[in-house]
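Order of appearance sets the numbers: ligands from 1, and atoms from 1 within every ligand.
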Amino acid sequence: MTESVARTIARDRRPSREADATADRYVNLWREAEAIGTTRVDAFVLILRTRGCYWADQKGCSMCGYAKDTLGRSATPEELGTQIDQALLRYRGEPYVKVYTSGSFLDDREVDPSSRRRLISAFEGRATRFLFESLPEFVTESTVGELRDVFHGDLEIALGLESTQPDVLLRLVHKNAPPKEYLDGADRVRQFGAHPKGYLLLKPPYLTEDEAIRDVLTSIRVASPKFDTLSVNPVHIQNGTVVEWLFRRGRYRPPWLWSVVEVLRDGSRDRHGARLVSFPTAGGLPRGPRNCGRCDRTVLAAIEAASLDQAWDALDELDCACRATWKTQRALEPLGADSS
Ligand code: SF4
Ligand SMILES: [Zn+2]
């Protein structure tokens, strides 16, 4: 792919000029099943509308189209205040709260420090766990400490490590920093009294299915001592991304759900006590991780149950005729066979 194609893709995913009209409305809000340890709980999930990830402007990761949901400029404290007030009206005391910004919650350009404190303090004494995402460079004693001062439940900070292999991370995922920055960031999260969660990407572009599985298994082995939770995120096709560009040209297939199953089964033996989870987005859909269409719902349900309960045995009992197809394609793909 040439630089000019990459620039065109990056331009396509920028927010529209009309984005300003939605500056005081959050992007989305929902409830979902989660677990704290192995206790199942309800989670309250909020996506705020912010300027979004600065790295998405500069280069952007090959699978990430979240810039579409952003303002393209910093939201003012007043706009964020309105979004927060509207969201709080719908909070029903769920113990687990997750707040996403399509970037880094700790980047002042996305959420100013007083809005951060205001939001998190609203859950003090009501939620037991508060999760947000950040690039590691923003995880400092001061940014985390100011939140610890106003929220005494568990703070969980998710870092998009994606892969512990430098080549995969920098050349294929296009992250802004090498894996060491993310591993060191996880150390700082712990040092500042919070829980590090790591995202691992299953099947960045240009890896075969088999290489992608081995990449995640290596990452689980290397990263698990540093993280309390590792979440395996199989790629789904987002608009305005390198992965979409390849997908449209028949050069990328989202990972099989069998690959997720294998990563969870094998990775669960090598995770140094870290929780290992996967909640595939767009599972079973054409642009998401999928099997043959007949077994997808059953396999997705088993992946979710295994993730919530940290119990892996039921994954061994899954089967479908397409499992043999997956195995054959895995073996033939390195020889140039079609994997669609
Ligand atoms: S994956 Fe994370 S770092 Fe990469 S562009 Fe998206 S929000 Fe930014
Ligand atoms: Zn099947």
So does Arg129 pair up with Glu156, basic N to acidic O under 4.0 Å?
-> yes

Given that the side chain starts at C-beta and the backbone is N, CA, C, O, which of these parts of Lys175 lies under 4.0 Å from ligand 1, counting heavy atoms, or is it both or neither?
-> side chain

List the closest protein heavy-atom neighbour of atom 6 (Fe) of ligand 1: residue, atom name, distance to the nearest 0.1 Å.
-> Cys64 SG, 2.3 Å

Heavy-atom contacts with Leu135 under 4.0 Å: which atoms of ligand 1 show up? List them by number with element.
-> 3 (S)

Does Arg330 pair with Asp210 as a salt bridge, N-O distance under 4.0 Å?
-> yes

Is the side chain of Thr39 donor-acceptor paired with the backbone N or O of Ala35 at a distance under 3.5 Å, no angle test?
-> no

Checking only N/O/S atoms, does Cys61 have one that is under 2.8 Å from atom 8 (Fe) of ligand 1?
-> no

Aromatic contact, Tyr91 with Phe44 (centres under 6.0 Å) = yes

Could you tell me which residues satisfy salt bridge (charged side-chain N to carboxylate O under 4.0 Å, His left out) with Glu304, sequence neighbours excluded, listed by chain and number?
-> none

Determine, considering heavy atoms only, which of Gly52, Gly65, Cys53 sits nearest to atom 7 (S) of ligand 1.
-> Cys53

